[in-house]
Amino acid sequence: MKLWGGRFTKAEDKLMEQFNSSLTEDMVLVDEDIQGSIAHAEMLVHCKILTREDGEEIIRGLYSIWNEIRSGKLKIEGDHEDIHSFVEATLTARIGEAGKKLHTSRSRNDQVATDLKLYAKKQAKSVIDCLQALKNSLKEKALENNNVIMPGYTHLQRAQVVTFGYHLRAYIEMFSRDEQRLKHTIEILNENPLGSGALAGTTHDIDRDITTKKLRFHKPTANFMDGVSDRDFIIELLSDFSIIMMHLSRLSEELILWSSQEFSFIKIDDAYATGSSIMPQKKNPDAAELIRGKTGKIYGALISTLTTMKGLPLSYNKDMQEVKLPMFQAVDEVLLSLQIMDKMIATLQVNGDEMKKAIKAGFLNATEVADYLVKKGVPFRDAHGIVGAIVLYCEEKGNSIEDLTLEELTSFSEFITEDIYDYVNYSSLLNRGNKKEMIE
Ligand code: ARG
């Protein structure tokens, strides 16, 4: 069923019809499409472009379609070009003449832009909710492990003592910025394209403030051509998603490493791991690996959308139909990834003893020994050299710095005295300087 055809003398090729149709993918826009149509019809009645009777019939018809779709009674299917065509054709089949008036002073071009913005806003809010839930789980796990010391790494080499709680809190900061980015995206996409028409407005005296208010946008888009042309908000959303996935992927990588026998720092709950079909002993961190893997897909969606939009002349071009599916898929994957990560964090077990062992074997108080010498008046660069020599000595002896005798230690510097042992104790060193922030 087509919304056009008057100027055509030949039927559309079947293959072309399939090629052109986006119905199976854009059916996820059905709520937004019907909401937009209801707001549009109400506005047309208010502006006396539609009679009250026609308007009421249209709105009743739209609600009945909406309810039946929700209950599963009405299936979104058939040879319709897209969700907009499906809704209009179904409406007209139900209510007759009045249905044909709904599209007055509207184009699918401003309609699809409106649907997409409403969808983007809704999904950005769902992602924010999932981010907040994940942040809460991280906060709880961090609190439980506030005093569990672990090696902090640079270059994946043991570097200095941190706590497991503090490590998790680093991710809370990242996810908080992700949340802010999404809020900003919502803020600037909050302009209503409806009323832009195909690209050049309409000769009807419509009132765009009415649809703007009804659809909860902040204001109408200022330029009709911009209103129907741009998909920058999708690119922005996908770029927010890409950053979220990059953060999730780093956390996933750490969970994978930490749960390996080489680290044994944590145990991932059985509910988020799988086994091997051949190796009976295996427990694989699939959930974390899948999140890491899906990150590539989200980057792909971003690059594909940027590439589709590149070089398109104003205003609407059918190329733009292609930016929808990558976004819909990205939304699903990001929401799922955040929820799975949330559950994985909430259920993971921490092995503080293994973390402590790794600290001891890694000279993780070497920097603090240098700090100690500085406090005793040794210039930092000299202190660095002295401690380097101590580490070398320890490596040869297979010993840790804190296990050396005072005699051994003073042979490297006369400034070292008995109080060194307390100063470089792994737990108490977190009570000094701004390190205190780590355990507050
Ligand atoms: N299915 C189209 C899309 O998703 C809707 C807009 C179609 N406009 C048009 N002039 N053919 O982009």
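By convention here, the first residue in the shown sequence is residue 1. Just so we're clear, the structure is a prediction, and the values are computed from it rather than from any experiment. Whatever order the structure lists them in is the order used to number ligands and atoms, beginning at 1.
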(Q) Determine whether a donor-acceptor pair (N or O, by modelled atom type, separation under 3.5 Å) exists between the side chain of K100 and the backbone of T92. (A) no

Q: Would you sort out whether D207 and H46 count as a side-chain hydrogen bond (donor to acceptor under 3.5 Å, both in side chains), showing the intermediate values?
A: CA-CA 8 Å; D207 185 343; H46 190 270; 5.0 Å; no

Close-contact set for ligand 1 against [X] heavy atoms, below 4.0 Å:
X    : result
D82  : 1 (N), 2 (C), 5 (C)
K324 : 1 (N), 3 (C), 4 (O)
S22  : 1 (N)

Please list the nearest protein heavy atom to [atom] with its residue and the distance rounded to 0.1 Å.
atom                    : value
atom 9 (C) of ligand 1  : N109 OD1, 3.5 Å
atom 11 (N) of ligand 1 : R108 NH2, 3.6 Å
atom 6 (C) of ligand 1  : Y316 OH, 3.4 Å

Q | Nearest heavy atoms of I34 and L62, plus distance in Å | A | CG2-O, 3.9 Å

Q. Do you know which of V424, V391, V374, L429 makes side chain to side chain contact (heavy atoms under 4.5 Å, CB included) with V369?
A. V424

Q: Test the K435-Y166 pair against the cation-pi criterion, namely NZ or CZ under 6.0 angstrom from the six-membered ring centroid and within 45° of the ring axis.
A: no

Q.
Check this for me, if you would: do E32 and K122 make a salt bridge, where the nitrogen-to-carboxylate-oxygen distance has to be below 4.0 angstrom?
A. yes

Q. So is there a nitrogen or oxygen of H84 less than 3.5 Å from a nitrogen or oxygen in ligand 1?
A. no

